[in-house]
Protein chains: 2
Amino acid sequence: MKGKEKRAKEAGDVLRELGYRLTPQRMLILAAVQASDSHISAEEIYSQVRAQYPHVNISTVYRTLDLLKGLSLVTETDLGEGRVRYHYADKGHHHHLICERCGAIIDVDENLFLPLKRTLLKDYQFNADIRHFAIFGRCTKCPR
Amino acid sequence: MKGKEKRAKEAGDVLRELGYRLTPQRMLILAAVQASDSHISAEEIYSQVRAQYPHVNISTVYRTLDLLKGLSLVTETDLGEGRVRYHYADKGHHHHLICERCGAIIDVDENLFLPLKRTLLKDYQFNADIRHFAIFGRCTKCPR
DNA sequence: GTTGCGCCTGCAAGCTATTGCAACAACCTC
DNA sequence: GAGGTTGTTGCAATAGCTTGCAGGCGCAAC
Ligand SMILES: [Mn+2]
Ligand SMILES: [Mn+2]
Ligand SMILES: [Zn+2]
Ligand SMILES: [Zn+2]
């Protein structure tokens with residue numbers, strides 16, 4: 001069994017163990033997210049899945065992504081391009097700084113937010129789910 | 001001149017001074033955002049404006065909000081209800097912690113993010129625009 | 001007050017994403 | 001393997017928001 005198929009199977013087992021049905025649609029959507037080396041959109045997942053399973057509907061893609069999000073198997077982020085992108089959670093967490101002027105995207109490590117997370121837990125009794133943020137602003141190379 | 005009209009006029013002057021045209025639509029949209037005591041949606045602004053100016057179109061509301069956002073006259077935030085809400089910037093900045101289980105919304109002061117802002121500027125040369133965040137997670141009263 | 005430039009708007013079409021519903025099929029039981 | 005339960009899906013309608021375009025109107029110049 002190849003690595004990619006093994007990973008897809010494992011995540012599928014997570015669904016099964018939690019009582020969710022393991023449909024061909026779900027397996028293909030999971031595989032598409034896992035196979036993506038970066039951030040993949042619902043439409044991109046849809047066209048990949050449709051190549052192997054033409055009958056599938058885009059609403060199933062959205063519903064499945066919602067399920068996977070709720071189970072913390074994927075993270076979602078809005079990089080400001082008018083559509084949301086998804087990321088397989090096991091591939092590691094990180095955040096993005098997006099310059100509104102020049103469009104540059106700077107990746108930052110997730111532990112940058114640890115102090116904030118701790119403060120929110122200690123002072124506000126709140127467990128913040130900070131795994132894939134997009135923060136807008138201006139890089140210092142851009143004037144004004 | 002009443003307070004509300006005065007404020008609307010002042011913000012309008014900002015537009016004029018920057019070379020933007022002061023249309024009735026823009027003045028009414030600005031007034032609606034300023035008059036709101038909390039977070040107002042585009043649809044709510046639209047229906048308020050339409051009461052005085054029936055000819056207006058919803059796309060003008062969105063375009064104007066985009067303009068005001070770019071000029072830092074209003075802030076925008078997505079509280080997870082399927083539509084974005086707006087806030088007059090001069091009324092003060094704050095952030096929201098939203099429990100995904102019970103729906104509770106905890107307001108937090110903006111200076112909670114000052115350490116993070118400083119780190120981003122110092123270590124990543126990035127001026128983060130952190131004025132109206134919504135952070136999702138779980139309040140500690142909610143199990144699991 | 002009139003004129004003219006060009007920013008702004010209404011309109012309609014389009015895009016991403018969500019939802020109600022009836023049919024379908026995954027999975028458990030026998 | 002057959003049958004039944006119920007979670008899941010496809011479909012179509014819908015919601016929120018955006019965009020291209022042609023005409024309208026704010027504003028400055030005279
Ligand atoms: Mn990412
Ligand atoms: Mn707020
Ligand atoms: Zn930049
Ligand atoms: Zn809660």
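Residue numbering restarts at 1 for every chain, and letters A, B, ... go by the order of the sequence lines.
Tracing side-chain contacts under 4.5 Å through hydrophobic residues (I, L, V, M, F, W, Y), one reaches B:Val49 starting from B:Leu22; they form part of the same cluster.
The CG-P distance, from A:Asp13 to C:dC27, rounds to 11 Å in whole Å. The nearest whole Å value for the distance from the CZ atom in B:Arg26 to the P atom in C:dG10 is 11 Å. Rounded to a whole Å, the CG atom of B:Asn57 is 14 Å from the C1' atom of D:dG20. Protein atom CD of A:Glu44 is 11 Å distant from nucleotide atom P of C:dA17, rounded to whole Å. For the pair B:Lys69 NZ and D:dT18 P, the computed distance is 7 Å after rounding to whole Å. Separating the CD atom of B:Glu81 from the P atom of D:dG16 is a distance of 10 Å, rounded to the nearest angstrom. When rounded to the nearest whole Å, the span between CG of B:Leu15 and P of C:dC7 equals 15 Å. Following rounding to the nearest Å, B:His55 (NE2) and C:dC8 (P) show an atom-to-atom distance of 17 Å.
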* Asked: How would nucleotides 22-30 of chain D be written as a contact map, 5' to 3', with B for base contact, S for sugar-phosphate-only contact and - for no contact, using protein heavy atoms under 4.0 Å?
  -> ----BS---
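Judged by distance alone, with hydrogens and angles left aside, the side-chain atoms of A:Arg83 form no donor-acceptor pair with the main-chain N or O of A:Ala42 at under 3.5 Å.
Taking every heavy atom of both residues into account, B:Leu73 and B:Ala11 meet most closely at CD1-O, 4.4 Å.
Distances shorter than 4.0 Å separate some side-chain N or O of A:Tyr62 from OP1 or OP2 on C:dA17. For the pair B:Arg83 and D:dC17, the criterion of a side-chain N or O lying under 4.0 Å from OP1 or OP2 is not met. Residue A:Arg63 has no polar side-chain atom (N or O) positioned under 4.0 Å from OP1 or OP2 of D:dT8.
Counting only N and O atoms by type, the side chains of A:His96 and A:Asp107 include a donor and acceptor under 3.5 Å apart.
In summary, of the residues considered (A:Lys91, A:Arg131, A:His132, A:His94), a side-chain hydrogen bond (donor to acceptor under 3.5 Å, both in side chains) with A:Thr75 occurs for A:His132 alone.
With salt bridges taken as basic N to acidic carboxylate O contacts below 4.0 Å, one links B:Asp66 and B:Lys69.
Within 4.0 Å (heavy atoms only), B:Gly82 reaches sugar-phosphate atoms of the nucleic acid but no base atom.
In terms of position along DNA chain D, the nucleotide closest to A:Leu67 lies nearer the 5' end than the nucleotide closest to the other residue of the pair A:Ser59 and A:Leu67. Nucleotides of DNA chain D nearest to B:Asp66 and A:Val61 differ in position, and the one nearer the 5' end is that of A:Val61.
Taking the six-membered ring where tryptophan is involved, the planes of B:His95 and B:Phe113 are tilted, since the angle between them lies from 30° to 60°.
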